[in-house]
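None of these values were measured; they are calculated from a predicted model. Worth knowing before you read on, the calculation uses all heavy atoms, side chains too, and leaves out hydrogens, waters and symmetry mates. Chain identifiers are assigned alphabetically (A, B, ...) following the order of the sequence lines, protein sequences preceding nucleic acid strands; residue numbering begins at 1 within each chain.
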Amino acid sequence: MKKSHVFEWNNSAFQQKVLAWYDQNRRILPWRAKKNSKPSPYHVWLSEVMLQQTTVPAVKKYFERFTSLWPTIHDLANSPPDAVMQEWAGLGYYARARNLIKCAGIVSADLNGKFPETEKDLKLLPGIGPYTAAAISSIAFGNNSVVVDGNVERIASRVFMVDNPMPLAKKEIHALAKHFYEGITSKRAGDMPQALMDIGATVCTPKSPKCEICPISDLCTVKQRNENPNLYPRKLPKAKKPHREGKVYWLETEAKQILIEKRSDERMLGWMFGFPGTSWDGVGNDFTAPDIDWDMVGDVTHIFTHFSLKLEVLRGRMPVGKVKLNKNQYLIDITEVENVGFPSLYKKVLKLALPARNMDPE
DNA sequence: CAAACGTGGAC
DNA sequence: TGTCCAAGTTT
């Protein structure tokens, strides 16, 4: 503990305030157990994976849809992987969905549908890292794990006024966050991380936190010193995003079919459907476009985490028999193409090419 | 360990 | 328009 704090740090005072706030202000979320009922490990796991690097509003509909289609881990495990990927379409970070499917298979087939209860065993499963293991073990099984997500990091960085920038400060912050959990009973073990996350999401927000209504403001160094909370956690400046360009092909047959392809594991958007094109992700080969007349439909731009992309959309038509399908390529009926769960990049291509196609005189 | 890995909403 | 961000994991 740094001696420089303007107050005497007291774990139990902090915890009491946080939990009392939670009892009055907890959010009602679809994956959360109602008061006095046990949480479902399946729901906790599914929601935690969906919520990784994603917002609560975005996850809600996906969670409802998944649990409606697949009420148990066995249902999910027994579903065709494509169906799961289709339902994940639009949520992003598709490795999460691929790992979700693998994890469901293991838990369903090898573990009799029971999730492990310890962090150590949970972490062995695909898609479950340090955070998610801690979250599941505490929320679903009542273990007093040190759960540190972005919210907890932010709260700790302000409460203890951590001056080292992220991500260097991760270890330091994690060590400080242990204080938040020290001595929590099993009865409250699952509430504590959720309470911190609720405070982080609704009070101790990244920008313009509501310190006036914060239950722990008198224990917060940044607040007590009148520092600017917006500056915490400190961060290193980010590198500029590179820009890439490529081509994507809307290839239609004279029988009103469209060529789509399932992207392989090692590519970006792996296991998702898309349209053929140049290798804009730097993996694999460019699509060899047939030697026909291609109409330029327009450009699609898309911003990924680490680069921006502009794809030129080209549209062409040829006889069915002339189309050579590579592995993982399919011709689907024009009436079905809108029902394919494309990732957002290809959804944009679709929205550009389909109307252009419908305006065509033929 | 730094970099890869999506998306849409807020300001 | 650009920038930041949201319950991280994997390699």
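- Remark: A:H306 is in phosphate contact with B:dC5, judged by side-chain N or O atoms under 4.0 Å from OP1 or OP2.
- Taking 3.5 Å as the limit, the base of B:dG6 and the side chain of A:Y93 contain a donor-acceptor pair of atoms between them.
- When rounded to the nearest whole Å, the span between CG of A:L122 and P of C:dT9 equals 11 Å.
- For A:M268, counting side-chain heavy atoms from C-beta on, the closest listed nucleotide (B:dC5, B:dT7, B:dC1) is B:dC5.
- Rounded to a whole angstrom, the distance from the P atom of C:dT9 to that of B:dG8 is 23 Å.
- A:L29 comes within 4.0 angstrom of a base, heavy atoms only.
- Looking at A:R32 and A:D198, a side-chain N of the basic residue comes within less than 4.0 Å of a carboxylate O on the acidic one, giving a salt bridge.
- Within residues 228-249 of chain A, no residue has any heavy atom under 4.0 Å from DNA chain B.
- For A:D149, taking side-chain heavy atoms from C-beta onward, the closest of the listed nucleotides B:dC1, C:dG8, C:dT10 is C:dG8.
- The OH-P distance, from A:Y131 to C:dT10, rounds to 14 Å in whole Å.
- In this structure, A:T305 reaches the bases: a heavy-atom distance under 4.0 Å links it to at least one base atom across the strands shown.
- Both the sub-6.0 Å distance and the 45° axial angle are satisfied by A:R234 relative to the ring of A:Y232.
- A ring-centre distance under 6.0 Å is not found for A:Y62 and A:W88.
- No engagement by A:R267 is indicated, since no non-hydrogen atom pair under 4.0 Å with the nucleic acid exists.
- Near DNA chain C, meaning a heavy atom under 4.0 Å from it, residues 43-69 of chain A has A:E48, A:L51, A:Q52, A:Q53, A:T54, A:T55, A:V56 in order of number.
- We find that A:K256 and A:D333 are not joined by a salt bridge, their nearest charged nitrogen and carboxylate oxygen being 4.0 Å or further apart.
- Contact annotation for A:P167: no contact, since no heavy-atom pair falls under 4.0 Å across all strands.
- The A:P130 side chain lies nearest to C:dT9 when the options are B:dC1, C:dT9, B:dG6.
- Checked against a 6.0 Å centroid threshold, the rings of A:F180 and A:F14 count as neighbours.
- Using a 4.0 Å heavy-atom criterion, one finds that A:P193 contacts no nucleic acid atom at all.
- The nearest whole Å value for the distance from the CG atom in A:L91 to the P atom in B:dG8 is 10 Å.
- Within 4.0 Å (heavy atoms only), A:W88 reaches no atom of the nucleic acid at all.
- Atom-to-atom, NE2 of A:H174 to P of C:dG8 comes out at 13 Å; the value is rounded to the nearest Å.
- Taking for each of A:G90 and A:L168 the nucleotide of DNA chain B with the nearest heavy atom, the 5'-most of the two is the partner of A:L168.
- For the pair A:H302 and B:dG6, the criterion of a side-chain N or O lying under 4.0 Å from OP1 or OP2 is not met.
- Donor-acceptor pairing under 3.5 Å, judged by distance alone, is absent between the side chain of A:T132 and the base of C:dG8.
- The 5' end of DNA chain C is approached more closely, in terms of each residue's nearest nucleotide, by A:W31 than by the other of A:N99 and A:W31.
- The hydrophobic clustering, which links ILVMFWY residues whose side-chain heavy atoms are closer than 4.5 Å, places A:L350 and A:L314 apart.
- Note: A:Y42 and A:F115 fail the aromatic proximity criterion, with ring centroids not under 6.0 Å apart.
- Distance A:K348 NZ to B:dG6 P: 14 Å, rounded to the nearest Å.
- Side-chain atoms of A:E117 and A:N143 include no donor-acceptor pair closer than 3.5 Å.
- Atom CG of A:L100 and atom P of C:dT10 are 12 Å apart (whole Å).
- Spacing between atom CZ of A:R98 and atom P of C:dT11 amounts to 10 Å, rounded to whole angstrom units.
- For the 3.5 Å distance criterion, the side chains of A:T132 and A:Q52 qualify, holding a donor opposite an acceptor.
- Nucleic acid contact for A:I128: sugar-phosphate only, since backbone atoms but no base atoms lie under 4.0 Å from a heavy atom of the residue.
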Would A:F304 and A:F307 count as a ring-ring contact (aromatic ring centres under 6.0 Å, His included) here? Give the steps. CA-CA 5 Å; A:F304 291 109; A:F307 65 93; 5.1 Å; yes
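- To the nearest angstrom, P of B:dT7 lies 13 Å from CZ of A:F342.
- Aromatic ring centres of A:F275 and A:F342: separated by under 6.0 Å.
- As judged by a 4.0 angstrom heavy-atom cut-off over every strand, A:L269 is placed among residues touching the sugar-phosphate backbone only.
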